Amino acid sequence: MQEFIDAIAAVAARAGVPENAARSSVTVPKERDRADLTLPCFRFAKQLGKSPPQVAAAVADAFEPGGLLASAEAAGPFVNFRLDRPTFTRKVLQSVTDNIGASDEGAGQAVVIDYGSPNIAKPLLFHHLRSSMIGQVLCNLHRRRGYEVVGLNFLGDLGTAFGKLMVGIEEFGEPESIAAYNRTYVQASNFCTENDGAMDRARAWAKRLEEDDPEALRHWESARRLSLGEFQTVYDWLGIRHDVVDGEKMYVKSGQALVEELLENRTAEESEGGVVIDLQNAGKKLGKFLIRKSDGASLYQTRDLAAARDRMERFGFAKMLYVVDIAQELYFRQLFAALKTTGHDWADRCRHVKFGQVLVDGSRAKTREGGGTHLEEVLREGERRARAVVEEKNSDLADKAAVAKAVGTAAVIFCDVGFPTTKNINFDWNAILSFDGRTGPYLQYVHASACSILRKGGYTESKQTDGDASRLTDDHEWTLVRRLAEFSDAVGKACAECEPSHVSNALYDLARGFRSYHTAGSRDASLRVLVDDDATKTARLWLVDKVRCTLAAGLRLLGIDPVEEM
RNA sequence: GACCCCGUAGCUCAGCUGGAUAGAGCGGCUGAUUCCUAAUCAGCAGGUCGCAGGUUCGAGUCCUGCCGGGGUCGCCA
């Protein structure tokens, strides 16, 4: 694309417009039918002493046919350019591979992505999908852009939550399965709010665990083991693969040492029995950051500070992303400010990738009371519903079970990464498991139909690297080629902004363009891919294969396993 | 009270560094299936882009104020 923009800048330069200014002004018009690329001339008018339409006319006059550009036409203050379709098409199709969107921008740079990070002794609920899935996609995107990614699961294996669990064990007996752990946790949670003194007992247990009390340790180990096993089932289902699994408990000692160190060098101070870092001067309205409770126990923030230092030592990251609920926005601003205040300039490399909440009937799901639907249950229901549709639509299919699982899962995943991360999600079974419209199953469907055409066209293996692009000049084909070109850009943008939905949008637009092209052939036989004319057919199969390749690659980036039939 | 996010079609939301006639999905209506997958496609209806100012040749987009909704604000994680 860049060389086409350069070509336009060169034309503008012949009309007296500064080349760099022209280059940065070139845009894709909102109304795509109007032009492939357009140059607004408002900004050049003053310095050239002409009106914008006069400048546009001059630029259009300076155009010479041939080369990358097909035409230039002044339309008021704009110059509308058409690209040479065969040239552009050929370049784009040649560039599409399974690795579409790849670059080496991240070469030699480590990125730590902290995602998932559930609490032990509790099941994964639907809202846990968000951190896990967004984080996994960010891992995929960063790897595609050449970064060395460390996907890190930071287990919540410490604190009053564990203390409550221990109170529950004391009151209701020791659970042996994860389901029993969950029941005990919920019971204990209620018990602690209803009984005076129970919270103090929970806090005492939390502290005993910090002090490696043998009995606390024993329960901690079994809760942790059972939980990890349980999490793995869901992680396998969703293709979530962490490179490192850490837990908060490993930072108890270094956290306490850190508090002592900060007290000593006076970056932290005692306050109301606890220890705080004063952030008043570090940023506006950040207040004070508590790093030691009055009972001497550490907090989440103590461990996070210690963890950040440790990760810098272990991985020497160029970036560290925390994929966490938007409700913790202030917390992360404080955490990063605290890192900076305590002398770590690399705090600037840390970023909170925030995502919206899961709402039930318009308000936040109450997970602490055990509310919320289990993630695994949602996945199973998706699979079940997809299976019913497969039976109905394509009961001859070879591996219906696998297809149903992939399609149902696509629905769930796309709900999560198909929209901007900061949007809230309303938990509604029919919305989450919708298979119609702009959904994961739609993308699967379009991919499967592309595969189907290729099969019928005898295109069993994707090995074509060049073809006769001059056969691909229909508007539908041209739209597809542009969508393919835009997809690469979307990958880079999604990675830079930590926003998976840029990929989702580009993928959906490509899929829709392909469906439109595909059905156009139903009305007009000359537009079918599998036409009699061999040269045309070969060229069209080449295009379809590149679309198929991009759809598959895009789905995989989003953590969705593409199906070839459905 | 302070800070953050949001306010675009009946509903859920796109809208790229400001550009020419604001787009999708769902829902509604009309069509399309002896045809390369109808989990689809083509089309119609539906919008003072919360309100008021400002910057600009040009504002859904940037700035200020206000209104409305949500979230967060030291001993949870």
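Because the structure is predicted, anything quoted here is derived from the model rather than measured. Quick note on labels: first sequence line is chain A, next is B, and so on, each numbered from 1.
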Roughly how many Å apart are C62(B) and C5(B), using the P atom of each and rounding to a whole number?
11 Å
Report which part of the nucleic acid Phe289(A) touches: base, sugar-phosphate, or nothing (heavy-atom distance under 4.0 Å, all strands).
nothing
Take Tyr300(A) and Tyr251(A) through the test ring-ring contact (aromatic ring centres under 6.0 Å, His included) and record every step on the way to the result.
CA-CA 10 Å; Tyr300(A) 182 61; Tyr251(A) 295 112; over 10 Å; no
Given A20(B), A77(B), C36(B), identify the nucleotide with an atom nearest to the side chain of Ser452(A).
C36(B)
Taking 4.0 angstrom as the limit, do Glu210(A) and Lys207(A) come out as a salt bridge?
no
Tell me if the side-chain of Ser294(A) makes a donor-acceptor pair with the base of C75(B), cut-off 3.5 Å, by modelled atom types.
yes
Within this structure, what is the CD-OG1 distance for the pair Gln334(A) and Thr341(A), rounded to the nearest 0.5 Å?
11.0 Å
Hey, does Leu330(A) reach any base, or is it just sugar-phosphate, or nothing, if we go heavy atoms under 4.0 Å?
sugar-phosphate
Sole residue of Asp474(A), Leu543(A), Asp475(A) in side-chain contact (heavy atoms from CB on, under 4.5 Å) with Leu480(A):
Leu543(A)
Could you tell me whether Asp157(A) and Lys249(A) have a side-chain N and a carboxylate O separated by less than 4.0 Å?
no
NA contact type, Ser271(A), heavy-atom cut-off 4.0 Å: base, sugar-phosphate, or nothing?
base
Whole-angstrom distance between G18(B) and C49(B), as gauged at atom C1'
15 Å
The residue, Ser501(A) or Glu248(A), whose nearest nucleotide of RNA chain B is more 5′ is Ser501(A)
Is the distance from OP1 or OP2 of A42(B) to the nearest side-chain N or O of Ser516(A) less than 4.0 Å?
yes
Which is true for Thr38(A) with a 4.0 Å heavy-atom rule: it touches a base, it touches only sugar-phosphate, or it touches nothing?
base
Does the pair Arg208(A)/Glu211(A) count as a salt bridge with the N-to-O cut at 4.0 Å?
no
Write down the distance separating the C1' atoms in C67(B) and G23(B), rounded off to the nearest Å.
27 Å
Ignoring the backbone of Pro441(A), work out which of A42(B), A39(B), C36(B) is nearest its side chain.
A39(B)
Nucleotide nearest Asn505(A) (side chain, heavy atoms from C-beta), chosen from G74(B), A14(B), G71(B)
A14(B)
On a whole-Å scale, what distance lies between the C1' atoms belonging to G60(B) and G1(B)?
32 Å
Residue Lys493(A), side-chain heavy atoms: nucleotide from G19(B), C16(B), U40(B) that is nearest
C16(B)
Classify Val544(A) by what it touches in the nucleic acid, base, sugar-phosphate, or nothing, heavy-atom distance under 4.0 Å.
nothing
Find the distance between OG1 (Thr27(A)) and CG (Leu37(A)) and round it off to the nearest 0.5 Å.
7.5 Å
Sole residue of His518(A), Glu565(A), Gln444(A) in side-chain contact (heavy atoms from CB on, under 4.5 Å) with Ser449(A):
His518(A)
Among residues 384-396 of chain A, which ones have heavy-atom contacts with RNA chain B below 4.0 Å?
Val389(A), Val390(A), Lys393(A)
Give one of base, sugar-phosphate or nothing for Arg203(A), where a contact means two heavy atoms less than 4.0 Å apart.
sugar-phosphate
What nucleic acid atoms does Thr27(A) come within less than 4.0 Å of, heavy atoms only: base, sugar-phosphate, or nothing?
base
Please measure how far the P atom in C29(B) lies from the corresponding atom in A52(B), and state the result in whole Å.
35 Å
Any idea which of G19(B), A20(B), U37(B) is nearest the Ile453(A) side chain?
U37(B)
Looking across every strand, which nucleic acid part, if any, lies under 4.0 Å from Arg515(A) by heavy atom: base, sugar-phosphate, or nothing?
sugar-phosphate
What integer distance in Å separates His518(A):NE2 from A42(B):P?
13 Å
Taking only the side-chain heavy atoms of Leu290(A) (C-beta and beyond), determine which of G25(B), C75(B), A77(B) contains the nearest atom.
C75(B)
Whole angstrom is fine here: how far is it from CZ in Phe355(A) over to C1' in C4(B)?
16 Å
Can you tell me how far apart OG (Ser24(A)) and CD1 (Ile5(A)) are? Round to the nearest 0.5 Å.
10.0 Å
Just compare A20(B), G71(B), C76(B) and give me whichever is closest to any side-chain atom of Thr160(A).
C76(B)
C16(B) versus C57(B) - spacing of their C1' atoms, nearest Å
22 Å
Across the strands shown, which category fits Ala161(A) at heavy-atom distances under 4.0 angstrom: base, sugar-phosphate, nothing?
nothing
Winner on side-chain proximity to Asp436(A), out of C26(B), U17(B), U37(B), is C26(B)
Salt bridge or not for Lys405(A) and Glu383(A), using N-O below 4.0 Å?
no
For a quick check, tell me whether the side chain of Lys423(A) and the base of G71(B) share a donor-acceptor pair closer than 3.5 Å.
no
Salt bridge present between Arg292(A) and Glu269(A) (N-O < 4.0 angstrom)
no
Mind checking Arg43(A) for me? I need base, sugar-phosphate or nothing, with any heavy atom below 4.0 Å counting as a touch.
base
Does the side-chain ring of Phe42(A) lie flat on the base of G19(B), meaning centres under 5.5 Å and planes less than 30 degrees apart?
yes
Can you find a donor-acceptor pair, distance only, under 3.5 Å between Asn80(A) side chain and A20(B) base?
yes
Would you indicate what Glu329(A) reaches in the nucleic acid, counting non-hydrogen atoms under 4.0 angstrom: base, sugar-phosphate, or nothing?
sugar-phosphate
Among the nucleotides U37(B), A20(B), A2(B), which one has an atom lying closest to any side-chain atom of Lys285(A)?
A2(B)
Pairwise P distance for U34(B) and A39(B), with rounding to whole Å:
15 Å
Strand RNA chain B in bracket notation, Watson-Crick/G-U under 3.5 Å with | for pairs to another chain
(((((((..((((.....[...)))).(((((.......))))).....(((((..]....))))))))))))....
Proximal nucleotide (of A20(B), C41(B), C57(B)) relative to the Arg523(A) side chain
C41(B)
For Pro420(A), report the nucleic acid contact type (base, sugar-phosphate, nothing); a contact means any heavy atom under 4.0 Å.
sugar-phosphate
Can you name the one residue among Asp509(A), Asp33(A), Asp489(A), Asp36(A) that meets salt bridge (Lys or Arg N to Asp or Glu O under 4.0 Å) with Arg482(A)?
Asp36(A)
Measuring only the P atom in each nucleotide, how far is G27(B) from G65(B)? A whole number of Å is fine.
42 Å
For U37(B) and Lys456(A) - does any side-chain N or O of the residue sit under 4.0 Å from the phosphate oxygens OP1/OP2?
yes
Applying a 4.0 Å non-hydrogen cut-off, can you work out what Gly76(A) is touching in the nucleic acid: base, sugar-phosphate, or nothing?
nothing
Tell me if the aromatic rings of Phe435(A) and Tyr442(A) count as close, with their centers under 6.0 Å from one another.
no
Answer with base, sugar-phosphate or nothing: what part of the nucleic acid does Tyr442(A) contact at a heavy-atom distance below 4.0 Å?
sugar-phosphate
Do Arg438(A)'s NZ or CZ and the ring of Phe419(A) fall within the cation-pi criteria of under 6.0 Å and 45°?
yes
Does a side-chain N or O from Tyr445(A) land closer than 4.0 Å to OP1 or OP2 of A38(B), or not?
yes
